[in-house]
Amino acid sequence: MSAGWEVVIGLEIHTQLATKSKIFSGASTAYGSEPNTQACLVDLGYPGVLPVLNKEVVRMATMFGLAVNATVARRSVFARKNYFYPDLPKGYQISQMELPIVEHGEMFITDADGNEKRIGITRAHLEEDAGKSIHEGLDASSGIDLNRAGTPLLEIVSEPDLRSAKEAVAYLRKIHTIVRYLGISDGNMQEGSFRCDANVSVRPMGQKELGTRAELKNLNSFRFIEKAINLEVERQIDLIEDGGTVAQETRLYDSDKHETRSMRSKEEANDYRYFPDPDLLPVEISDEFIAAARAALPELPAAKEQRFVSAYELRADDATILTASRALADYFETLVEATDAKPQIAANWVIGELSGALNKDNKDIGDSNISATDLAGLVNRIHDNTISGKIAKQVFEAMWNGKGSADEVIESQGLKQITDNSAIEAVVQKVIDENPSQVAEYRAGKDKLIGFFVGKVMQETRGQANPGQVNQVLKDLLKA
Amino acid sequence: MSLDKDQVQHIAMLARLKLSDEEYAENVKKLSKIVEFVDQLSSADTDGVVPMAHPLDAAQRLRPDAVTDINERDRFQENAPAVSDGLYLVPKVIE
Amino acid sequence: MTDFHTQTLAELSRGLENGDFTSLQLTEALLQRISAHNDKLNAFITITADEALAAAVRADAARAGGSAGVLNGLPIIHKDIFCTRGVKTSCGSKMLDNFISPYDATVVAKLQQAGAVVLGKANMDEFAMGSSNETSFYGAVKNPWDLECSPGGSSGGSSAAVAARFAPAATGTDTGGSIRQPAALTGTVGIKPTYGRVSRYGMIAFASSLDQAGVITRSAEDAACMLGVMAGFDERDSTSIDQPVPDYTAAIGKSIKGLRVGIVRQHFDVGLEAETGARVKDAIAMLESLGATTVEVDLPNLDLSVPAYYVVAPAECSSNLSRFDGVRFGHRAENAEDLLDLYCRSRGEGFGDEVKRRILTGAYVLSAGYYDAYYLKAQQVRQLIADDFKRAFADVDVIAGPTTPAPAFKLGDKFNDPITMYLNDVYTIGANLAGLPAMSVPCGFVKDLPVGLHLVGSHFSEATLLQCAHQYQQQTEFHQACPEDFQ
């Protein structure tokens with residue numbers, strides 16, 4: 001990136017709200033059904049039908065507003081955004097324009113210098129999603145599937161407070177975490193439940209006025225977002241440095257070609273003619289409604305992170321990792337509850353072996369092969385010296401592969417640690433008898449050879465002898 | 001205020017209406033008359049008047065989040081001019 | 001054959017109840033009458049003879065089984081703006097000439113549940129945009145009182161059919177006077193209730209914040225009966241109001257002694273044809289003789305109601321009619337080159353001139369740079385007009401005046417001048433802007449053409465309006481007069 005330039009980014013995040021039915025109709029929002037089987041008369045924009053607002057959508061937006069310290073509007077208004085497109089059945093999208101349900105929120109991220117940075121949330125408003133156009137396999141036609149039409153969206157608009165692609169991704173991750181904590185969205189980016197557009201501009205360092213911005217669309221993974229923004233920043237700087245000017249336009253990111261390109265077709269004659277939707281009355285939210293939403297708020301990531309550090313004495317970065325999702329944090333807490341070991345030990349297992357296994361199998365914590373209480377069973381066997389930490393990894397692997405609980409695996413594979421002193425003494429004696437020259441060297445002062453003897457004993461016991469005891473017995477018997 | 005043909009063409013495009021030359025001529029004339037007629041509104045003193053979007057002073061009623069509609073695709077598509085495999089067809093959309 | 005067609009809904013209901021005749025006999029007789037006379041009027045877009053006969057048979061069976069609804073076996077007509085399942089619902093437009101509704105409007109379902117037998121779907125101005133019925137894709141409807149005259153619009157098929165005694169009642173919709181103006185011009189009773197009183201679900205939208213369903217009958221008593229069935233909260237319409245429906249039929253019998261009737265000074269200013277004004281004044285005198293008192297009231301912004309309306313209504317219509325794009329239903333242009341061509345030609349071919357004009361007007365007043373000067377300004381003026389009414393209703397129970405500036409005009413007379421046509425709605429539009437209930441009652445004739453007395457009440461005062469109209473009709477016979485060719 002060129003020096004002397006400041007990057008200014010604002011994000012518009014579209015989050016599908018996890019309701020059962022659509023925002024204005026009683027059709028299901030389930031993903032992946034046969035085309036148009038979840039499009040009722042209201043979703044199809046049939047003549048004569050009318051929208052009726054889903055209460056859950058309002059509750060979810062209210063929870064989001066509270067979670068980001070925003071103002072939840074006592075009165076908000078739905079408006080019509082008028083434009084023609086095949087995936088927009090009515091020829092207008094019902095959205096919120098002048099009076100959105102959420103305004104003036106904030107989110108904190110950590111910037112490149114490790115400092116906490118406030119990112120303003122201008123507004124979050126409710127609207128309906130559009131359907132999908134399918135272009136493949138239909139010759140000269142496109143096919144329209146309106147199953148998604150009418151799915152509730154919360155559009156979260158940030159202030160242009162972000163100064164790098166990294167900050168944009170950090171902010172996006174925070175919002176992603178929050179909506180999943182609140183249970184208001186599944187945040188599934190592959191299925192399009194969490195989408196992002198970025199408004200990107202550059203200006204010479206120190207300049208007050210904002211540069212002309214381009215809107216990047218189609219940013220559907222955290223990785224692409226960072227790449228696409230950096231690419232766009234480079235493009236703009238190159239353009240200006242070559243004496244050109246940035247056009248205000250919408251650009252599409254193509255992840256295959258790794259380029260952004262202009263979407264002029266969508267730009268022409270952009271006059272949405274917003275006006276209040278006469279089919280819907282103003283949404284009024286009472287103090288009781290807000291109080292109920294507040295009472296239903298879960299502990300939020302920042303608070304949970306702090307508590308993990310203070311109550312469990314975890315390392316700060318571990319606390320951050322463990323609170324990245326509510327499911328992971330819940331898993332960890334269930335594990336801690338069920339084990340006598342120190343919480344940090346439990347944390348190490350979750351962040352280490354468990355996360356590794358999940359990643360390898362491309363699974364979420366919710367689909368873990370080992371439940372938190374089962375993992376507690378394993379951690380407890382280390383804690384009570386039944387097995388060593390090393391053997392435990394072997395047991396974990398067996399558990400992951402469905403071979404049973406920790407106790408079952410230890411039992412069936414005979415992995416129980418040997419703690420019987422006389423049994424250990426017998427093995428140690430055998431090792432001493434078989435290696436007379438090393439014994440002589442050790443006794444002559446070559447202390448380092450202790451490791452050699454420990455290795456031999458562990459080999460004999462297939463690693464099951466208690467390492468502490470082995471050390472002690474070796475030292476005792478070699479002294480003689 | 002009167003409208004010229006360019007303006008009528010612009011709004012006809014916004015409204016996705018194909019008009020013949022005669023229709024353009026007719027609409028330039030009649031729309032100008034209508035706009036001139038509604039220009040009377042400017043005489044009203046509306047300082048501080050809250051615009052009225054609804055005839056009744058009521059709030060939006062909220063519906064419980066429940067799935068009440070079942071799949072009736074085949075019945076609803078009986079009115080559709082062109083469908084294939086459950087999809088509504090339009091001339092290819094280039095993005 | 002009995003004189004079924006001369007009887008009101010109430011009279012026919014008694015006949016059915018007494019077993020004097022069956023619904024099947026009644027239905028057959030009216031269908032016969034329609035097939036004999038409709039050609040003269042063009043009042044129907046669709047006649048549903050088979051469905052009507054089947055419904056009549058069901059109604060007779062229900063009555064025999066002791067489960068007859070309020071309207072059991074009684075024939076009615078629906079304006080073709082109401083969606084009727086399995087039956088063509090055209091809204092008077094080429095755009096929907098091939099449209100078979102897959103569902104019933106709430107009004108249709110309620111009337112069906114009450115046992116009504118639907119004879120057909122009435123002709124109307126295209127998408128209810130018009131005051132003369134001349135914008136219909138199916139041709140103009142003629143006024144039974146003079147076949148060269150318009151029956152009014154947009155519910156012109158409904159008003160002509162009731163005036164010609166094809167049925168005792170027909171549903172209508174009223175966005176700026178579309179029930180009351182045709183009622184006045186055909187000598188029938190028409191009521192537009194309070195906005196939100198009757199569900200709009202399944203009623204093809206013209207201007208959502210102004211549209212309201214109502215009914216055209218010959219007597220206020222029949223209107224009370226119909227409205228009682230049609231009214232009520234509907235969970236499918238966010239703008240319908242959850243308030244109990246009064247027993248209108250019980251309310252109309254009460255005397256209007258002491259009723260405070262407001263007379264609007266501006267109503268009798270320039271623009272009102274003299275003889276029409278005289279008939280209206282006679283009617284007001286009659287109300288006074290029945291014990292009502294009159295009070296002069298002021299609606300200072302009345303003259304701005306038409307321009308405000310012709311901004312608000314087109315704005316809403318331009319958006320409401322965007323769904324007609326040739327993709328999921330309705331007319332689709334052939335051999336479209338691309339998507340834009342499909343849209344522009346489907347809509348260009350499917351909509352008629354007046355509809356296109358209103359869509360264009362609406363797109364214009366909402367477009368960038370004009371929104372504040374037109375749309376927002378009109379919404380402010382709308383508030384001023386609503387405030388005027390509110391002040392007036394502090395002093396009076398109803399406001400009485402003319403429904404139209406003159407009796408029925410000749411077909412073709414105003415068709416080419418939109419402003420003259422729009423000004424025909426000057427007395428009726430205010431009630432739509434303010435969401436108030438209003439009705440028209442026949443109050444005499446000018447050169448053998450009927451004229452109407454317009455009554456407006458405060459929100460949810462339908463019972464008072466119906467009571468006033470019914471008491472007036474007990475003393476007058478204008479509503480019993482029948483056009484000569486349709487005796």
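A note on names: the letters A, B, ... follow the listed sequences, proteins ahead of strands, and every chain is numbered from 1.
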Of the backbone (N, CA, C, O) and the side chain (C-beta and beyond), which part of Asn82(A) lies under 4.5 Å from a heavy atom of chain B, both, or neither? neither
Ignoring hydrogens and angles, state whether a donor on the side chain of Asp65(B) or Ser21(A) is under 3.5 Å from an acceptor on the partner side chain. yes
Establish, from distance only, whether the side-chain atoms of Tyr88(B) and Asp145(A) form a donor-acceptor pair under 3.5 Å. no
Between Gln60(B) and Leu281(A), is there a donor-acceptor pair closer than 3.5 Å when you use the side chain of the first and the backbone of the second? yes
For chain B, which residues from residues 86-102 of chain A lie under 4.5 Å away (heavy-atom distances)? Pro86(A)
Given that the side chain runs from C-beta out, which part of Leu41(A) has a heavy atom under 4.5 Å from chain B: side chain, backbone, both or neither? both
Taking side chain as everything from C-beta outward and backbone as N, CA, C, O, which of these in Phe24(A) sits under 4.5 Å from a heavy atom of chain B? Side chain, backbone, both or neither. backbone
Enumerate by number any residue of residues 147-155 of chain A whose heavy atoms lie under 4.5 Å from heavy atoms of chain B; in the absence of such residues, state 'none'. none
Quick one: closest heavy-atom pair of Gly86(B) and Asn36(A), and the distance? O-ND2, 2.6 Å
Heavy-atom proximity to chain B below 4.5 Å, by part of Ser25(A): backbone
Is chain B contacted by the side chain of Arg273(A), its backbone, both, or neither, given a heavy-atom distance below 4.5 Å? side chain
Could you give me the CA-CA distance, side-chain angles and deciding distance for Tyr83(A) and Leu14(B), then say whether side chain to side chain contact (heavy atoms under 4.5 Å, CB included) is met? CA-CA 8 Å; Tyr83(A) 66 96; Leu14(B) 280 181; over 6 Å; no
Evaluation steps, side chain to side chain contact (heavy atoms under 4.5 Å, CB included), between Asn71(B) and Gln38(A): CA-CA 6 Å; Asn71(B) 171 25; Gln38(A) 282 172 189; over 6 Å; no
Heavy-atom cut-off 4.5 Å, strictly under: side chain, backbone, both or neither for Ala58(B) against chain A? both
Name the region of Ala82(B), side chain, backbone, both or neither, that has any atom closer than 4.5 Å to a heavy atom of chain A. neither
Take Asn54(A) and Leu62(B) through the test side chain to side chain contact (heavy atoms under 4.5 Å, CB included) and record every step on the way to the result. CA-CA 6 Å; Asn54(A) 185 339; Leu62(B) 303 175; over 6 Å; no
Checking heavy atoms, do the side chain of Val58(A), its backbone, both or neither come under 4.5 Å from chain B? side chain
Count the heavy atoms belonging to other residues, nucleotides or ligands that lie under 6.0 Å from CG of Asp254(A), then report whether that count exceeds 12. yes
Side chains of Leu87(B) and Ile144(A) in contact at under 4.5 Å (non-hydrogen atoms): no
Starting at CD of Glu34(A), measure out to CZ of Arg73(B) and round the result to the nearest 0.5 Å. 6.0 Å
Other residues, nucleotides, ligands: >12 heavy atoms within 6.0 Å of Asp139(A) CG: no
Hey, does Leu138(A) have a side-chain heavy atom less than 4.5 Å from the side chain of Ser84(B)? yes
Looking at His54(B) and Leu280(A), what are the two nearest heavy atoms and their distance? NE2-O, 2.8 Å
With a 4.5 Å heavy-atom cut-off, do Arg63(B) and Leu53(A) have their side chains touching? no
What do you reckon, is NZ of Lys81(A) surrounded by more than 12 foreign heavy atoms closer than 6.0 Å? yes
Is it the case that more than 12 heavy atoms not belonging to Asp85(B) sit under 6.0 Å from its CG atom? no
Would you say Ser28(A)'s side chain and Val67(B)'s backbone share a donor-acceptor pair under 3.5 angstrom? no
Atom group of Asp74(B) that falls short of 4.5 Å from chain A, counting heavy atoms: neither
When the 4.5 angstrom heavy-atom criterion is applied to Leu44(A) and chain B, the contacting part is side chain
Quick one: does Lys92(B)'s side chain get under 4.5 Å of Ser142(A)'s, heavy atoms only? yes
For Arg75(B), does the CZ atom sit with more than 12 other heavy atoms under 6.0 Å from it, leaving out its own atoms? yes
Can you say whether Asp43(A) sits under 4.5 Å from chain B via the side chain, the backbone, both, or neither, judging by heavy atoms? neither
Which atom of Phe76(B) lies closest to which atom of Tyr46(A), heavy atoms considered: O-OH, 2.8 Å
